Amino acid sequence: MFQGKTLTITTIEAGLVELHFDNTDKPVNVFNRATVAELGMALDVLEKAPGIQGMLVTSGKKVFVAGADITEFETAFTSSKEELKGFLWANNSNLNRLETLPFPVVVAINGFALGGGFEFCLACDFRVMASVAQVGFPEVGLGILPGWGGTVRAPRMVEFAAAVEWVTGGGQHKAADALAQGFVDAVVSPESLREEALSILRQAMAGELDYRALRLAKQGALDVDQSAFAETASTLRAAVVRQAGKHYPAPVAAVDAMIQAAPLTRDQALDVEFDAFYQLAQSPQARALIGLFMADQQLSAVARKYASASPAPAARVAVLGAGIMGGGIAYQNALKGFSVLMKDINQAALDLGMKEAGTILSKRVERGAMTEDAAAKVLSSIEPTLDYDDIAGCDMIIEAVVEKEVVKKAVLAEVEKLVPSSTVLASNTSSILITSIATALERPENFCGMHFFNPVHAMPLVEVVRGEKTSDETVARAVAHVLAMGKKAVVVKDCNGFLVNRVLFPYFAGFNLLMRDGADFEQIDRVMEDWGWPMGPAYLLDVIGIDVAVHAADVVAEGYPDRLTMDFAQASHLMYENKRFGQKNGKGFYAYERNDKGRTVKVSDPETWTLLAPHVAPRREFSDEEIIARMMIPMCTEMVRCLDEEITGSPAEGDMSLLYGIGFPKFRGGVLRWLDEIGLSAFCTMADRYSHLGGLYQPTQSMRDMALGGKRYY
Ligand code: 3HC
């Protein structure tokens with residue numbers, strides 16, 4: 001009856017039709033402009049066709065519909081209010097028309113139905129969901145709210161509190177949850193989805209299910225007792241405000257729109273939803289979060305491109321050096337189905353590595369994410385060993401021995417002699433130059449860096465470091481392996497600190513300079529956490545381990561003496577010299593204690609100041625603005641240098657690396673996106689105010705040129 005590029009309508013039997021989403025141009029179904037237009041045309045056909053008594057909606061892809069096409073947002077959101085309204089109204093009108101078709105509509109949700117995909121389902125009369133599918137409203141995670149009637153239909157179909165929780169929480173919900181909350185009418189096995197959906201449709205067609213009454217309820221005001229509702233609404237709103245935090249306005253805007261629209265009809269409520277959507281679409285948070293989605297797509301696409309040149313996946317992996325990092329790397333490989341040899345020179349380290357892997361697995365079992373049998377199988381695929389007997393059978397070697405160049409060189413050179421010439425050797429170093437380690441090897445082309453972040457199982461990123469002699473094939477095989485390990489891979493060029501640490505350590509240097517000048521680290525932490533960082537710099541140093549951080553800082557500094565050589569006693573180094581290694585030994589900038597729940601908590605420790613006082617200026621308050629500027633300028637300029645020197649391939653890869661590697665605040669979208677947001681000209685003016693602090697505070701020439709030309713990184 002209708003044949004589009006994204007959807008079709010066919011006749012199943014007399015009176016019964018099927019609307020089928022299957023976008024021929026995309027890997028997933030999305031409501032892009034083309035689909036919305038075709039849905040409009042399909043509705044024209046459906047409204048006019050005689051004799052239709054019922055319609056089944058299905059999807060030809062694994063994902064039912066993944067919502068609006070996020071890649072279209074930037075253009076839509078920077079257009080006028082009227083144009084944005086037109087963009088959204090095109091589909092709102094579709095969904096309203098769906099709700100007035102002269103026959104019942106049942107949707108069979110086979111996979112993810114998210115955002116606009118789920119909003120479409122809510123406009124259907126009945127929803128049958130496969131047990132493996134998931135539904136939800138992820139819009140708040142993009143800094144917006146549902147714009148195709150999600151805030152309108154959800155509260156008219158389920159309990160108000162549940163609707164608020166789903167819309168403002170942004171989560172993906174399993175079938176059982178969707179059924180319990182009343183978002184769907186039935187949950188069935190994937191195999192019987194079509195039949196069950198058709199059976200419900202036939203009942204509705206036979207008048208056994210009253211779809212017209214359901215439509216009426218969706219089109220009127222919320223059916224609630226107004227005085228009780230006011231109280232519920234204000235309690236719910238307070239909870240949303242608490243949960244969202246001050247940097248994320250979308251959840252609060254969503255609950256406000258839902259409360260405001262409660263006494264209104266569907267069409268009036270859609271206007272309220274649009275006004276709130278429009279406000280959010282203009283916010284820096286939406287720009288940042290949507291930008292992140294696009295940057296993440298780019299990061300994955302670049303990695304896939306590298307990996308596509310890999311001749312074959314690794315068959316057997318060896319991890320050299322057990323312990324926390326080695327154990328974590330061995331675990332991650334085993335979890336993803338690799339057979340792993342874990343080699344160390346001492347039994348105690350091997351025991352620690354196996355214990356590390358075992359602990360992570362037990363936690364998965366406790367969480368219900370894995371059965372005991374599966375966990376045991378994973379653990380048994382790690383073979384701890386004290387010798388190199390089986391190493392020749394490994395085609396991917398990941399070295400994770402102590403962070404000392406001589407030791408790494410010796411271990412890698414020894415192993416290189418034992419493995420075939422096709423084996424890839426990778427070093428998990430966080431700071432030593434790959435090109436320098438490679439001088440110990442006979443086949444430096446087979447060698448690269450593979451920088452994991454701690455804890456390996458939890459941190460999503462791995463930097464694949466290309467040394468001067470690393471071959472393209474080695475990079476391709478390393479990236480393919482990182483992806484096969486379930487991690488995000490970013491390829492960076494070799495330099496002191498690679499990308500993430502090179503950008504992080506100037507930030508710590510900014511911290512030490514502030515401390516030198518009399519700042520209070522607790523104030524710095526408060527201000528930077530308030531700015532959005534998950535933890536302030538002093539706390540972060542304590543968590544990383546002051547010993548580890550100081551060692552890495554010194555190695556990174558060697559590469560950039562013009563800006564990282566410090567001629568004063570640095571606060572971080574003073575902690576180190578006084579054996580205050582941070583959380584790991586109970587004392588760093590803060591002291592660490594166990595609270596009544598057995599959790600480690602940080603507390604102020606006057607001794608820190610006794611140690612610092614002789615070396616720093618008298619303590620004084622700094623303005624928040626100065627703290628932010630003095631912390632962020634060094635980080636931003638270093639990121640730009642990395643871009644200029646092609647350490648990172650693109651702004652998107654650079655920004656995503658900091659986000660995944662060190663938790664850069666999401667709502668700011670990344671270092672370079674933040675620069676775009678504040679403007680390079682304003683940034684240069686700000687940096688120039690601090691130029692007396694040295695090289696860390698000098699914008700690069702490229703920044704000044706871009707500022708003059710009014711250019712942006714994105
Ligand atoms: N828009 C544009 N592209 C999308 C997309 C979307 N909504 N959803 C997925 N894609 C792309 C992915 O980026 C990826 O592209 P790539 O192949 O070029 O890297 C491709 O489709 C396949 O996606 P995944 O690799 O992520 O596939 P998975 O099977 O792992 O995951 C998913 C599927 C859970 C649906 C996941 O893709 C996802 O979470 N997508 C985003 C969903 C979302 O946020 N939707 C809300 C949109 S906002 C909205 O609907 C507004 C409305 O209310 C007005």
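In listed order, ligands and their atoms are each counted from 1. This structure is a prediction, so every number in the text was calculated from the model and none was measured.
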For ligand 1, does [X] get within less than 4.0 Å through its side chain, its backbone, both, or neither, judged by non-hydrogen atoms?
{"X": "Ala68", "answer": "both"}
{"X": "Met294", "answer": "neither"}
{"X": "Val28", "answer": "side chain"}
{"X": "Ala66", "answer": "both"}
{"X": "Val30", "answer": "side chain"}
{"X": "Lys26", "answer": "neither"}
{"X": "Leu142", "answer": "side chain"}
{"X": "Phe118", "answer": "neither"}

Compute the minimum heavy-atom distance from [X] to ligand 1 and say whether it is under 4.0 Å.
{"X": "Arg304", "answer": "yes"}
{"X": "Phe31", "answer": "no"}
{"X": "Phe293", "answer": "yes"}
{"X": "Gly150", "answer": "no"}

Hey, do the aromatic rings of Phe160 and Phe229 have their centres closer than 6.0 Å? yes
Notebook entry, point to check: Do Asp271 and Lys85 sit within salt-bridge range, that is, some charged N less than 4.0 Å from a carboxylate O?
Noted result: yes
I'd like to know if the side chain of [X] and the backbone of [Y] have a donor-acceptor N/O pair within less than 3.5 Å.
{"X": "Thr78", "Y": "Glu74", "result": "yes"}
{"X": "Lys61", "Y": "Asn23", "result": "yes"}
{"X": "Lys487", "Y": "Met459", "result": "yes"}

Is [atom] less than 4.0 angstrom from some protein heavy atom?
{"atom": "atom 44 (O) of ligand 1", "answer": "yes"}
{"atom": "atom 48 (S) of ligand 1", "answer": "yes"}
{"atom": "atom 31 (O) of ligand 1", "answer": "no"}
{"atom": "atom 25 (O) of ligand 1", "answer": "no"}
{"atom": "atom 13 (O) of ligand 1", "answer": "yes"}

Per-atom filter on ligand 1: closer than 4.0 angstrom to a heavy atom of Pro146 are 53 (O)
Gln297 heavy atoms within 4.0 Å reach ligand 1 at atoms 3 (N), 11 (C), 12 (C), 13 (O), 15 (O)
Would you say [X] and [Y] make side-chain contact, with heavy atoms under 4.5 Å?
{"X": "Leu461", "Y": "Ser657", "result": "yes"}
{"X": "Asp44", "Y": "Phe2", "result": "no"}
{"X": "Tyr306", "Y": "Val475", "result": "yes"}

Tell me whether [X] has any N or O atom under 3.5 angstrom from an N or O of ligand 1.
{"X": "Leu114", "answer": "no"}
{"X": "Leu145", "answer": "no"}
{"X": "Thr71", "answer": "no"}
{"X": "Ser300", "answer": "no"}

Q: Give the ring-plane orientation class for Phe64 versus Phe120, where under 30° counts as parallel, over 60° as perpendicular and anything between as tilted.
A: tilted
- Item | Worked check of side-chain contact (heavy atoms from CB on, under 4.5 Å) between His173 and Trp166 | CA-CA 8 Å; His173 299 267; Trp166 276 44; 3.4 Å; yes
From the list Arg153, Arg215, Arg156, salt bridge (charged side-chain N to carboxylate O under 4.0 Å, His left out) partner of Glu99 resolves to Arg153
Closest non-hydrogen contact found for Leu264 with Ala269 is CB-N, 4.2 Å
Query - Cation-pi, Tyr714 ring and Arg673 (6.0 angstrom, 45 degrees) - result: yes
